[in-house]
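Let me begin by presenting the structure, written as structure tokens, before commenting on it.
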Number of protein chains: 2
Amino acid sequence: MRIVDLPEIRQLSLFDSMSDESFSELMNAAYLQNFPAQVDLLHEGDNADFLFFVVEGCVELYANANGREGVLALVRPVGSFILAAVLRNEVYLMSARTSQKSRILMIPAQNIRDAFKRDDAFARAIVLELAGYFRAVVKEYKDLRLRTGVERLANRLLKYHITQGAPGFVQLPCDKKTLASILGMTPENLSRAFGTLKPYGVDVVGQKVVLGDVASLTVLAKPNPLIDDPST
Amino acid sequence: MRIVDLPEIRQLSLFDSMSDESFSELMNAAYLQNFPAQVDLLHEGDNADFLFFVVEGCVELYANANGREGVLALVRPVGSFILAAVLRNEVYLMSARTSQKSRILMIPAQNIRDAFKRDDAFARAIVLELAGYFRAVVKEYKDLRLRTGVERLANRLLKYHITQGAPGFVQLPCDKKTLASILGMTPENLSRAFGTLKPYGVDVVGQKVVLGDVASLTVLAKPNPLIDDPST
DNA sequence: AACCCCAATTGACAAATATCAAGAATGTTT
DNA sequence: AAACATTCTTGATATTTGTCAATTGGGGTT
């Protein structure tokens, strides 16, 4: 599908300083496609042929090694993924699959690299985007290095709670198996971690988690803006 | 100390496409300082006031949370650190200390941000640098998520072996306590991991580690270019 | 309602890792 | 060389996490 001009893409900080012509050129080369759930979009080790955006739905970034698999991140609208591989013209380090029915925008990597060479404002926008990505991974890494599984769960719940407007409960963004993998633990362990948090007012009701005592949960979690704050 | 013009800095990919005037301007604002070992250069949470380069010696990037501390990376000459925080004008996510007597170049963050705004080639060089950093952290994260301690050690040894020219032994880049922290384990566990690797031809002699059977160590480690290869 | 399917939980156990305490090895100072 | 401090290793034990197997408990379908 060609000739797409999605306002939600145009307004991304990556593109909002780009000229109309350059943006149209990118979009004319791009593909907008609908995928069902559980479709593999790319695999680690493949050449970076496209830059991807999640327009609707949700994408899991995951990786395999030594017989294990882990979900490294969820990407939701409107987020991009594997920008670094595209710019460096190297292979992907992560695989990606749709975790639900999704609408995906794919821009050929060569067009991105051309625009990067030609368009100064675009190059600068990419810097800030990449710097943000870098900081996000550093935070994930610190989370995994410096916290136990229960602590990671507690802090994740508090983070979701804040982004969802702190209504006293949390809507999980995915099934528990995926949440466990995002948190770097097994599903069995996640169940037990929820059990451990029960005395801190945490009650699981399907995809919804009631936070009955945010104060005591916070004492346990010891949230740290240098790990948990999405904006810093 | 002012008016520094270190050729090893000038030739970094970050700066080699920069004009002489711009580079001189940066260097005129910069400080080149010698520090003894174990000096804290900056602390996580501080405003990003300087971009740092290790000219000589070695710097540890580390972080604290929930009563634990972990070394996240070693920076050796000539490497920079905390570029992302400087560009986004945000607080540092990691702390840094010299692990030995070191010569450090400090460039005021505002000068870096000015040069980034003014100099298109510099902005593009930063993109490739940041993309590389991003990929490096993703690899560290995958290493920690997808491998056991013994596997991480085995792969680290093989990686050092290759970068040191594969002479049949490896010179450790730091003391074992620090190596353990880099690998995300305790010193006791590192000792035991070395013990586990003895049947695979690994013999520890102080800071030197003899690799007597690289083939069988490789079978155990299952090295993966998407985690271990520094260039991809 | 009966059935099935799948996600989720639970229990029993095993593996990996951390902690604490002691001892060995190493290098440095005197 | 003796004394000392430091790093490293080892043993015993506790905690954390993973694995395997069985069971529970909805959500759909027929």
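Protein chains get the first letters and strands the later ones, always in sequence-line order, with residue 1 at the start of each. None of the values given here were measured: they were computed from a predicted structure.
Using a 4.0 Å cut-off between charged nitrogen and carboxylate oxygen, B/Arg97 and B/Glu69 count as a salt-bridge pair. In this structure, B/Lys101 does not pair ionically with B/Glu56, as no charged nitrogen and carboxylate oxygen lie closer than 4.0 Å. A salt bridge links B/Glu140 to B/Arg156: at least one charged side-chain nitrogen sits closer than 4.0 Å to a carboxylate oxygen.
Between the C1' atom of D/dG27 and the CD atom of A/Gln207 lies a distance of 13 Å, rounded to the nearest Å. We find that CG of B/Leu190 is positioned 11 Å from P of C/dA18, with the value rounded to whole Å. Per the geometry, CG belonging to B/Asp175 stands 8 Å off C1' belonging to D/dT7, to the nearest Å. Taking atom CD of B/Glu69 as the reference point, atom P of C/dA18 lies 15 Å away to the nearest angstrom. B/Asp203 has its CG atom 15 Å from the C1' atom of D/dT9, to the nearest Å. In this structure, B/Leu197 atom CG and D/dT9 atom P are separated by 13 Å, rounded to whole Å. Computed from coordinates, the B/Phe194 CZ to D/dT10 P distance equals 12 Å when rounded to whole Å. Taking atom CG on B/Leu144 and atom C1' on C/dT17, their separation rounds to 12 Å, with Å as the unit.
Side-chain N or O atoms of A/Gln33 include none that pairs as donor or acceptor with a backbone N or O of A/Leu105 at under 3.5 Å.
Cation-pi geometry between B/Arg103 and B/Phe35 is not met: the NZ or CZ atom fails to fall both under 6.0 Å from the ring centre and inside 45° of the normal.
Under a cut-off of 6.0 angstrom, the local environment of OH in B/Tyr200 is sparse, with at most 12 non-hydrogen atoms contributed by other residues, nucleotides or ligands.
B/Lys177 has no side-chain polar atom (N or O) that falls below the 4.0 Å cut-off from OP1 or OP2 of D/dC8.
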* Encode nucleotides 12-21 of chain D as B, S and - characters from 5' to 3', where the letter depends on protein heavy atoms closer than 4.0 Å: B to the base, S only to sugar-phosphate, - to neither. => B----SBBB-
